Amino acid sequence: MAQREENIVLFPFMAQGHIIPFLALALHIEQSKNYTVTLVNTPLNIKKLRSSLPPNSTINLLEIPFSSSDYGLPPNTENTDALPYYQVIQLVEASVSLKPSFKKLIENLTEQLGNPPLCILADIFFGWTASVAKELNVFHAIFSGAGGFGLACYHSLWMNLPHRYVDSDLFYLPDFAEASSIHVSQLAVTIKEADGTDPWSIFHQKKNLPEWVKSDGILFNTVEEFDHVGLLYFRRKLGRPVWPIGPVLLSTKRQARAGKEDGISSELCLEWLNTKPLNSVLYVSFGSMNTISASQMMQLAMGLEASGKNFIWVVRPPIGFDLNSEFKANEWLPEGFEERIKGSKRGLLVHNWAPQVDILSHKSVSTFLSHCGWNSVLEALSQGVLIIGWPMAAEQFFNVKLLEEELGVCVELARGKSCEIRHEDIVEKIELVMNETKKGYEMRRRACEVMEMIKNAMKDEEGFKGSSVKAMDDFFSAALSMRKKTKKEQNIVA
Ligand SMILES: *[C@@H]1O[C@H](CO)[C@@H](O)[C@H](O)[C@H]1NC(C)=O
Ligand SMILES: *[C@@H]1O[C@H](CO)[C@@H](O)[C@H](O)[C@H]1NC(C)=O
Ligand SMILES: *[C@@H]1O[C@H](CO)[C@@H](O)[C@H](O)[C@H]1NC(C)=O
Ligand SMILES: *[C@@H]1O[C@H](CO)[C@@H](O)[C@H](O)[C@H]1NC(C)=O
């Protein structure tokens, strides 16, 4: 295999939603730079990563030892995907104890290479890696798979818990006025219930977020041109460089290998889409980690049917049922629903997993009803697809806020997994976006503008480098200049 310069260490938190953006970044660096990428994780995650890499990949996979049963977790549990929600915090807390092993791993790698790695890029949950990097004199940055605006709200909420100090349901973020008002319904349960003494607060306020100032900067999977408000928050807050280098995304083929088994082939989906007119299809998916309640599912089915639109809907068993169990259409959907939409060829129900990138880039698809996880958002925006937002967790609520209030490419339909939702309201939102309304027209215009921003940001031509390409170059220059400085100091000492 061809020799490559310098080693870049990537260390994601042990959750599919965190590992996938790191995998996308690893493949992006491999493609665009002459660096060796080393992805670090616990043994079972490494095993899974190995099967999702192309056979000719130069990416190194390195195991960090971890035994889940030492932390009160079920044996062989190394990924939040395998845990019920209330146990996720246990894996988060256990990950902090990887510190000595991670230090040893970098020392081992340094000995093996004869040189320390050029830089360490670590997860937003791994603030503690910054002090390890400092001790070993290695350049360090956080890599966020979340967007700037969403993560700024999330960071500010955890550091300040502002909803604890007001009587109203509406409140402001003390250090992020640009976000305007937040409503308690936009808070994930863990934040809403946090009081500073609970395990999540202790993790974020004591062990994770304050450590970020020891890092040399943050890389974001986003684009400066539409996410500068959130990026400004971190520039101001940390006084460190922020490098927006996105969108860095996986192809459908890589997603399939990194995710669950296929629910439907790409060919079948595209064949179906090919029979539909331009911009006539609504795509519905809540991401690989989420599902909705049984009553919400019933209302959504009724709404989709009443809207008269074409749709592809990725269905999973509702909340309370095993996500991997069989989908019982005759129990969870209106009577005869599946037969009717099949007969009229108006809808396609897909179980578990769909080739999302292929669907969103098809010209028949105009709108995406989404939980607004950042990867899904980037995939939609890259294709100029409009969004109907139904955020479910974490910073998704603030992604919707950015998309609706700042970018004008989204309308919010519902919030959270327990909200009441009526099929009439679903129809109304679908028609607002997909019919020839003034609002729909304006949203499409904005979506085209955002798509152009993204294309420009990723452009790498002679005489022109887009903002994301330039940010990636700037990041590596910063790491290389620290390397040169360290070498000079060593020479002086010698
Ligand atoms: C990549 O780096 C290696 C090792 O330093 C070097 O021999 C090789 O010429 C470089 N390749 C390119 C395409 O720059
Ligand atoms: C691996 O092969 C694919 C397809 O031939 C090619 O596009 C890609 O650049 C190769 N990757 C590396 C790291 O050589
Ligand atoms: C470091 O190297 C030693 C010796 O090869 C090995 O026993 C140990 O497991 C390694 N530690 C880590 C964290 O990789
Ligand atoms: C929206 O378009 C559909 C046809 O796709 C039509 O049946 C419906 O009446 C329209 N709704 C409004 C509010 O114009």
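Just the heavy atoms: all of them, side chains too, but no hydrogens, waters or symmetry mates, feed the values below. The structure presented is a predicted model; accordingly, all values stated were derived computationally and were not measured. Read the numbers this way: they start at 1 and go in the same order the structure lists the ligands and their atoms.
Within the structure, every pair that satisfies the ring pair (Phe, Tyr, Trp, His ring centres under 6.0 Å) test and touches residues 267-317, not counting sequence neighbours, is listed here: Tyr283-Phe368, Phe286-Trp390. Listed by first then second residue, pairs satisfying salt bridge (Lys or Arg N to Asp or Glu O under 4.0 Å) with a partner in residues 286-307 read Glu305-Arg340, not counting sequence neighbours.
Looking at Arg4 next to ligand 1, no N or O pair under 3.5 Å apart turns up. Looking at Thr58 next to ligand 2, no N or O pair under 3.5 Å apart turns up. The shortest N or O to N or O distance between Ser57 and ligand 2 is not below 3.5 Å.
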Pairs under 3.5 Å, N/O atoms on ligand 4 and on the protein: can you put them in a table with the distances?
| unit_1 | atom_1 | unit_2 | atom_2 | d |
| --- | --- | --- | --- | --- |
| ligand 4 | 2 (O) | Lys309 | NZ | 3.3 |
| ligand 4 | 2 (O) | Asn435 | OD1 | 2.9 |
| ligand 4 | 2 (O) | Asn435 | ND2 | 2.5 |
| ligand 4 | 5 (O) | Lys309 | NZ | 2.8 |
| ligand 4 | 11 (N) | Glu431 | OE1 | 3.2 |
| ligand 4 | 11 (N) | Glu431 | OE2 | 3.3 |
| ligand 4 | 11 (N) | Asn435 | ND2 | 2.7 |
| ligand 4 | 14 (O) | Asn435 | ND2 | 3.3 |

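Contact annotation: the side chain of Ile359 approaches that of Cys269 to within less than 4.5 Å [non-hydrogen atoms, C-beta and beyond]. Counting heavy atoms from C-beta outward, His140 and Ile142 have side chains that approach closer than 4.5 Å.
With sequence neighbours left out, the side chain to side chain contact (heavy atoms under 4.5 Å, CB included) criterion links Glu406 to Leu402.
Annotation: Phe126 is not in aromatic contact with Phe102 [ring centroid separation under 6.0 Å not met].
Checking side-chain atoms of Gln396 against main-chain N and O of Met392 turns up a donor-acceptor pair under 3.5 Å.
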